[in-house]
Each structure stands twice: as C-alpha cells, then as structure tokens.
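Each remark here refers to the structure printed beneath this line.
Convention: sequence-line order gives letters A, B, ...; per-chain numbering from 1.
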2 protein chains.
Amino acid sequence: KETFSEISPSDFFYRNRDLAGFTNPSRALYSTVRELVENSLDACEIERIPPEIYTRITPFDPSENEDPRKYLVRVQDNGPGVAPDYIAEAFGKVLYGSKYKLRQSRGMFGLGGTMAILYGQITSNKPVKIQTSTDGIKKYSLTLMIDIEKNKPIILDKKVDDARKIKGTVVEVVVEGDYLRSSQKIQEYFKQTALVVPYANITFVDPMGRIYNYLMTTQEMPPPPKETLPHPYGIDVEFMRRMIRQSKELTLSKFMPKRFHRVGAKTAIKFLQFAGLDPNRDPKSLTDEEIVNLVSSMHKFEEFLPPDANCLSPLGEKIFSAGIIKELAPEFFTVVVRPPSAYSGFPFIVELALAYGGRQLDKGIKLYRYANRIPLLYDEASDVAWKVINEEIDWKRYKIPLEAPIAVVVNISSTRIPYKTVGKEYIADRPEIERELKNALRETLRKLSAYLSRRTSEEHEKRK
Amino acid sequence: KETFSEISPSDFFYRNRDLAGFTNPSRALYSTVRELVENSLDACEIERIPPEIYTRITPFDPSENEDPRKYLVRVQDNGPGVAPDYIAEAFGKVLYGSKYKLRQSRGMFGLGGTMAILYGQITSNKPVKIQTSTDGIKKYSLTLMIDIEKNKPIILDKKVDDARKIKGTVVEVVVEGDYLRSSQKIQEYFKQTALVVPYANITFVDPMGRIYNYLMTTQEMPPPPKETLPHPYGIDVEFMRRMIRQSKELTLSKFMPKRFHRVGAKTAIKFLQFAGLDPNRDPKSLTDEEIVNLVSSMHKFEEFLPPDANCLSPLGEKIFSAGIIKELAPEFFTVVVRPPSAYSGFPFIVELALAYGGRQLDKGIKLYRYANRIPLLYDEASDVAWKVINEEIDWKRYKIPLEAPIAVVVNISSTRIPYKTVGKEYIADRPEIERELKNALRETLRKLSAYLSRRTSEEHEKRK
Ligand SMILES: Nc1ncnc2c1ncn2[C@@H]1O[C@H](COP(=O)(O)OP(=O)(O)OP(=O)(O)O)[C@@H](O)[C@H]1O
Ligand SMILES: Nc1ncnc2c1ncn2[C@@H]1O[C@H](COP(=O)(O)OP(=O)(O)OP(=O)(O)O)[C@@H](O)[C@H]1O
Ligand SMILES: [Mg+2]
Ligand SMILES: [Mg+2]
C-alpha cells in the first residue's frame, strides 16, 4: 500500500537545501558567495598561483527595488581553470568533483558550487554562465542548468573563443538574495578570508557599487598541501576491501608500505606477525574474516608511527601574526602552532592566536574560527572551539579580568575537517581536536597572564 | 591535471557518516537503535496498528569483553511489513523509501535505516538480516549487504517461509558499539519515546539482559496523519515545473484547485487574474518566464488560505498530559496546544507543557524536545527551543524563582520538520516556529506564575 521511490542526490539536496546552508534568501546569498570563492581559492592554491579573486553582487532585475530580490553573483579567478571535458559536470552535478582525495582543501563534499547554481536556478530560473580557460588560448563558455531529478547538467549553449592569454574561471549565477540582511556577514567573510590569505588579492563589489579591496601583503605563498596515504588507524573494513581491490602489490608485505601512510617495510612485517598473517600472502587472497581481523589488528597495533603532518599546509606563525596585526591591531598577542596530531587517522594541526587590548577589540571574548582557512561565521555556540573556551578553560585561573578585550583566533588544518553539517558551519568535538585546542589556549593564556602581571607591576613602579 | 570523480550517495554518507549521526561507537549505537525504532513506529502508526516494538542489544562476540565491541541489535515490530518487491532496496539503498511525500512522519530522508545497516557492515562486516511479512501468510527472510560504491543491495540469501499469522518486520544488524558510554542516552530515548506513544508497548532488553518495559496505557490511537497537497507559499520554480509536467488538468483554473492545498475554484480565478494569466491556459503551455511569474505571484498573493493542519497528528492535550503525569509527576503543570501555523507553506503545530515541582524535577530548567514524536537528545544548545527559553523569554517577569524545579516539554508536528542536520539532532530557528514556541511558553508561564502566587498567598494565609 505504501509506494516507494528513489531520489537523486541533487533532488535530496534540493528538498533539504537548508542542510547545505541555503535556508533563506539572506543565508543563501552568503552561501552562494562563500562556495564560489572557496572554489576559486582552492583552485589557485593547488597550483600555487597567487589568487586574484573578484566578486561582484549586482541587483539583477531593475523592477525589483527591495530585498529579497534577484542578484547576479559573479566570481572570477585567475586559477588553473577547468578542463573542457569536466566543466559541465563539475558545476552541474552534485557529488562530483576533484576533492575526493586525502589532501587538505576547503572543498570536500563535491556539492558546494553546484548547490549555489541549483539554488539560483530554482529561485531565478536563470541558467548559470561559466567561462573558463586552462591554457590562456582557448576559453570555453557554457550556459547550463541542472536536471535536478536526474542529477546531470543540461547544456543550453557552448562556445569556444580566444582566451587572449587569460587563464582562470568566471561563474555568473542569478539568485534570490537578501543583501540587506546578509551584508554584514558577507563583508565579514571577505575581511576574515583576507586575514589568512595575505598572498591573495581579494576584491568585493557590493550591490551599491562600493569596492572592498584586500590587497596582497606578501608575495610568498605557502607550499600547496600534498595528497597523502590513509593511515592504519583510520581504516574500516569497507575501505580495506576497496584498497585491496585496487592494489597491484602481490604480497601483504609490499601492500602495507605502498598503500599506507608511514608504514615502512620493517613495521609492516612486525604488524603482520602481530595480526597473525603470512607476509607473503596475496592481499586479494584474504577472506572476509581475515580482512576484518586485519583491520581490527590495525587499530590495536601500537607501533605505527602517528600521521605525519607534512602533507598539511598550516598558516604558519608569520602569516598568522601578520593577519592578526593587520586586522586586530592588538596591544599584545601571542601565536601558538601546536605539534601535529591526528583524529581517526587524519592528521591535523591547531594554530591559535590570543590577542588582547588595542583600540579595535571590544570587551569580552570574541572568537574567530577558521578551518583550512575558511572563516566560519555561523553556529559559533555549537563549535568545539566555543566549547573549549567556555567550558574547558578556567579563565580566572590566569587572572584575566572578566571584561578584558580579548580575541581568540583558531585555525585547524587537516586532510579532513570534521564538520557537523553539510553547510560547513561548525566543527564536531572530536576528543583529539578538543585536547589540542585546550592545550593551545592554555599556552597562550599563560603568556597573556604573564604579560598582564608584568604590565601591572610596571604601572605600579611608575606610580612610585 | 586535477582528476574528477563522482561518488554515489551511499559513498557520500559512508565517507561523511558523522553528518548522519554515526560518529563513534557510542553515538552510532544510539543512532542504530533510534533509526530502526523510528521506522517501526512510523510503519505501525500509518496503518493505525497499536505498536509492539521489541529491541534487544546483545554482545555479539564472546571474545570481546569490553566496550567498544560488536553488538547484535535486533528490532522487531508488529507493523505492516515491507512488500517483497521493495525489501532489498528499502534497506540496502540510500535515498530510497516511502516517505518522500507531504505527510507527517518521523522518517523523511530515505536513509536512516540504511545508514544503520551500512555502519554495521563497515564495522562488523556482517550482513543484515531482515524478516518481514505483510499478510501473516508468507514471511520473507533476506540476508543482504550494501554495495556502497554503487548504492545498491547485494542479496546474499533469500527465502520464503510460513509466516504463521505473524505480520511485521525484524531487523538484525551487528554494529561496533559502546554501550557503556551510550546506555544512558539509549535508556532515555526509550523512556522519552514511551512518554508520547502511550498506545504502544515498547520493550528494550539491554546487553546485561535487563528488561525495560513500557506498557501501553491507552488503547486509542491518534488518527494517522494524512498526505496533503503543497501550499502556494512553499512553491519554487523547480517544484512548479514538476507539478506542471505531472498534471493532467487542461486549464490553469482546474490545475490550481486540484494540485494545491486549500485553493478553491473562486480563489484560483482571483489569483490567476492577479498573476495576469488566462485561466483557460493549458498549464503545459506556459513558458519558462510565465512559470517564474506564476510562482512569484503565488508568494505575493495574500488571499490564499493558510495551510490547514488537519493533515497533522499532534499528541493532543489528553495524551500529552498523561505522559507528563506519568514521567514527571509534577506538583503543577499546564499544557498548551497552539493553533496551526505554517513556515514556507508547511503546516505545523506546537504543543508545549510547562511542569513545576514534585519529587522528580531537579532545580533549574530541563528541556525535553520532540519533533513528530521523536525525542531529540543531542545538541540541545543549538535548538530553536533552547534559544527561545534562554534568549527570548524573560523568566523574571513571571516571578519564577531562579532555581525553581522546571521542565519544559515541546512537541512540534509538521509535514516537514526543519532539522539542521541529517542526524535529526536539532531544529532550525525558523521565525514562524520561534514565534509559536515563544507564544506557547508565555501562555504556560502566565499560568505557572498565577499558580505560584496563589500558592504563596495560601501559605501566608495558613501561617496567620
Ligand atoms: N573556480 C574554479 N576553478 C577550478 N576548478 C573549479 C572551480 N570551481 C569548481 N571547480 C571544480 O569543480 C568541482 C566541484 O566543485 P563543488 O564546489 O561543487 O565541490 P567541491 O569544491 O569539490 O566540494 P565542496 O562541496 O566541499 O565545495 C571542484 O572539486 C573543482 O574541481
Ligand atoms: N520496520 C519497518 N516496517 C515497514 N517499513 C519499513 C520498516 N523499516 C523501513 N521501512 C521502509 O523502508 C524505507 C526506508 O527506511 P529509511 O529509514 O532508510 O528511510 P526513511 O525512514 O524513509 O527516512 P529517514 O532517513 O528519515 O529515516 C522507509 O521509508 C519504509 O518504507
Ligand atoms: Mg566547492
Ligand atoms: Mg527511517
């Protein structure tokens, strides 16, 4: 009597677009901007191209003169572009992309940019226009819509022109937005982004034509993140089965070092003995039961080296400090870069800055959160960093006055950020991440505490 | 240089299973139980079968004697069963189900039960066993696994037996769980579920063999929710296009009343005039531009009747009060059932109980949240109800003492609950829902305030 049906992933995210941050015109305008800008930044950084990102929001329909209304959102970058074979699906298909690998990047789900286009389509009925060139010779211009029920692009127009030596990508989408309500968040997004990418030129032109320019303050770019191998502690049975299926190694003793992160030949042999498996076995000959045993032994074996964070690209003290000084101009600040750690086999690095005083900071604690250099501006109270600040640290112990003007700036770099939502709003309280944040905050609080007591005693000296 | 790939929706939720509430063994054991129990309750209620739901968690591998370890989770119901053609895909395919319609139910995404099975498979490598009978004559037993990369079931075994007059469904899955850490939440889940389904027999047997029995206290079941038509205020261009494609009506004047909620023939004509469209037009003849105009006119036309909540199935004061008395035994309580409201065209009803005193309530405000009768036990601080209690209500104004023993119990019924996460942890702060919660809490606070002042003056009288 009940009727069953299947829906495509684009249909699922269309029906449940609030999961992805496209709740209402104000929030959706913000999400459209952030998803496209993050795609551009990722693209430039992977190729180590100093990013030039230009975003413009323009009212689209002159007959509409108050929010919410349609806006043309245009994001242009000087990145590596998208190769012609992939353009339509990169933008017109959900769960499709180039970031399904173990490498630090802002993108990870394969749906952000496509969601912005989908939202534009269902609110304005306008197709998206993509222009892109990978070589500065040929520029491809596609006008496309998404077949939401089938999760595939519908190409309405396609042409090839002379790219006139310009490489990069332009995305133009028309969305129902509410700039009045989201302007503060959008401006904050650009301001906070610029803080952590001082090697980029970021320009934002708002609907009134006002230009916000964040010029680069350094030429040197951080080394791009490297793709890495999975770590034994993060493996489950499904993953192991896939690795075995794809492996070309003829023995377990060759398979382990080749396919796993930081597993040397000696460690492999030692581990296989621990797991009770013959090192000369062909991985493809393992039975299901043996695979289960292999995985559970991997989790129990204590002699694997911890994940190496060499694949990661943290901000580094220099860039981080420069951003703090530029944006917050504090009287005092201290930066700590924690040693690499890992959760579930994924390496991560916590960087934390604690800033005090100066004319810009207001009384009380203001938290700035970044994950892989993305500013997180929503759902602060649900984030692990907020939890640490408010529940795990006893500020009185460090003699910090209650209304002191404080800013805590956190950046987490990882091959996988444990967001709790598809809209990448806040980070789950994984115990290892919580611990690193706590340690980082304590380190910086000790330094601030020392500074404040020095300052107090110097003031006493002066008065005598 | 960048390589592109597509992943299936099951692969997406496998890689991102924390989005769906399968973060770690403790949380995943909870999610496994809740997803299966909610499927059983939905199935029984839709057919108005007084639910008999039996859940047992048993340690699976005797060689494992401490958490986390494998558990066999078995959930059995006396529901309508699943028809043989659909069994494999209902359980072995993500984004597949019978709840993709505009009708109140606990399930809505088409992936909960399948995620429990997927999680079991990747942590225990054991297939799931499903037994089901729709007629009490034939019982189908399927042993299946999920092909996660292709999002389809792999049937390992299938047989048909005599069902011996027993209808219903049994699901048996083996998962890596941590009962030590999740026992409190799991027990709380059953306790709070039983509070709102007094017409059900709920039994839970824990790993130690302890039996928790929640016996039915009433035979009468609420009328099952009815499927309803979409409301004009909730329509977007994509949805309209689909409706037009599926419509059989030959004119707009017939299409509107037939396909939309509470749009009568007269209102349809009036609206079409407002939208500047000929009522005799064939809906399929509308151009894209006209469809956009139709949708935007729908949002602007102010004479549509608001969504009718007749399709909804709220608890009702009787059932709600019985549950409050049974579970909280308060000194005083008051229940308010708000009039029907709507957000984005989706009808909803807020029911709120405010309880005070008695031996069971602790000092301070304890919040119990339900959505379509599902107890929500996680992420309280992110929920709209919490926001209303803590930020939108001035408790001092009602002269409620600071440490008063208070419980606030909220149930929201809707054809679509605006969860912010796939794991159905908490509800988004939609303005209409926030407003209804605020009004409900104010109503009950006035009554509690009156009660407390009466009680205080009576005590003064006694002392004289
Ligand atoms: N400006 C751009 N320049 C180059 N490639 C791009 C650009 N924008 C998108 N892409 C490509 O399109 C793919 C899909 O983008 P989309 O935003 O939908 O997903 P994602 O970035 O992989 O993941 P997420 O959902 O987390 O954003 C990207 O993986 C990238 O390869
Ligand atoms: N015990 C049961 N009795 C009858 N039908 C069931 C039962 N369990 C599952 N089903 C069917 O299987 C379908 C898929 O279940 P699943 O939990 O994966 O998704 P859902 O309940 O539709 O949505 P959600 O992801 O929100 O739970 C259901 O829609 C229902 O039709
Ligand atoms: Mg992206
Ligand atoms: Mg379900």
Side-chain angles (χ1 to χ4, degrees), chain A residues 1-9 11-12 14-16 18-19 23-24 43 46-47 80 82-83 85-86 89-90 93 95-98 100-101 108-111 118 121-125 148-149 236-239 242 288-289 291-292 295 379 381-382 418-423 425-426 428 430, chain B residues 1-9 11-12 14-16 18-19 23-24 43 46-47 80 82-83 85-86 89-90 93 95-98 100-101 108-111 118 121-125 148-149 236-239 242 288-289 291-292 295 379 381-382 418-423 425-426 428 430:
Chain A
K1 215 186 302 171
E2 286 290 289
T3 53
F4 285 79
S5 53
E6 176 179 8
I7 60 173
S8 71
D11 203 349
F12 176 81
Y14 156 63
R15 293 165 186 246
N16 298 298
D18 14 13
L19 297 179
T23 326
N24 52 47
I46 285 171
E47 299 297 330
V82 184
D85 286 349
Y86 305 118
E89 290 186 311
K93 197 176 179 56
L95 302 192
Y96 182 90
S98 61
Y100 292 131
K101 41 188 74 146
M108 66 186 279
F109 295 131
L111 62 92
L118 187 153
Q121 174 175 318
I122 65 173
T123 54
S124 74
N125 200 40
I148 298 178
E149 286 186 291
D236 57 61
V237 173
E238 167 73 14
F239 206 83
R242 288 187 200 183
D288 264 358
E289 204 130 355
I291 293 179
V292 177
V295 171
D379 295 335
S382 317
Y419 295 109
K420 280 203 70 170
T421 57
V422 183
E425 282 122 345
Y426 59 100
R430 295 293 182 122
Chain B
K1 216 185 304 173
E2 285 292 286
T3 54
F4 285 79
S5 53
E6 176 180 7
I7 62 174
S8 71
D11 203 348
F12 175 81
Y14 156 64
R15 291 164 189 247
N16 299 298
D18 14 13
L19 298 179
T23 325
N24 53 46
I46 284 171
E47 299 298 327
V82 183
D85 287 348
Y86 305 118
E89 291 186 310
K93 197 175 179 56
L95 302 192
Y96 182 89
S98 60
Y100 291 131
K101 41 188 73 145
M108 66 185 280
F109 294 131
L111 61 93
L118 188 154
Q121 175 175 318
I122 64 171
T123 54
S124 75
N125 200 39
I148 298 178
E149 285 185 291
D236 57 60
V237 173
E238 167 73 14
F239 205 83
R242 288 186 202 184
D288 264 358
E289 204 130 355
I291 292 178
V292 177
V295 171
D379 296 333
S382 317
Y419 295 110
K420 281 202 69 171
T421 56
V422 183
E425 281 122 345
Y426 60 99
R430 294 293 181 123

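For the 3.5 Å distance criterion, the side chains of B:D236 and A:Y14 qualify, holding a donor opposite an acceptor.
Within the 4.5 angstrom heavy-atom criterion, atoms from both the backbone and the side chain of A:V422 approach chain B. In this structure, chain B has no heavy atom under 4.5 Å from any part of A:L118. Neither the backbone nor the side chain of A:V295 comes within contact range of chain B; no heavy atoms are under 4.5 Å apart. With a threshold of 4.5 angstrom between heavy atoms, B:Y426 approaches chain A through side-chain atoms but not through N, CA, C or O. Neither the backbone nor the side chain of A:I291 comes within less than 4.5 Å of any heavy atom of chain B.
Note on A:D379, A:N16, A:D288: by heavy-atom pairs under 4.5 Å with chain B, the leading option is A:N16. For the options A:T421, A:I148, A:V292, heavy-atom pairs under 4.5 Å to chain B are most numerous at A:I148. Ranked by heavy-atom pairs shorter than 4.5 Å toward chain A, the options B:E238, B:R15, B:Q121, B:M108 are led by B:E238. With chain A as the partner, the residue from B:K93, B:K101, B:R242, B:E2 showing the most heavy-atom pairs under 4.5 Å is B:R242. With respect to chain B, the highest number of heavy-atom pairs below 4.5 Å among A:N24, A:L111, A:N125 belongs to A:N125. Of the listed residues (A:A428, A:A381, A:G97, A:G423), the greatest number of heavy-atom pairs within a distance under 4.5 Å of chain B belongs to A:G97.
Nearest heavy-atom pair, A:Y419 versus B:L19, reported as atom, atom and distance to 0.1 Å: O-CD2, 3.9 Å. The heavy-atom pair separating A:P418 from B:D18 by the smallest distance is CB-OD2, 4.4 Å.
Between B:K420 and A:K420 there is no side-chain heavy-atom pair separated by less than 4.5 Å. Within the 4.5 Å cutoff, the side chain of B:D11 has no heavy atoms near those of the A:Y100 side chain. Proximity of A:T23 to B:R430: side-chain heavy atoms (C-beta onward) are separated by under 4.5 Å at one or more points.
Note: B:F4 and A:Y86 have parallel aromatic rings, judged against thresholds of 30 and 60 degrees for the angle between ring planes.
The side-chain hydrogen bond (donor to acceptor under 3.5 Å, both in side chains) search around B:E89 returns none, not counting sequence neighbours.
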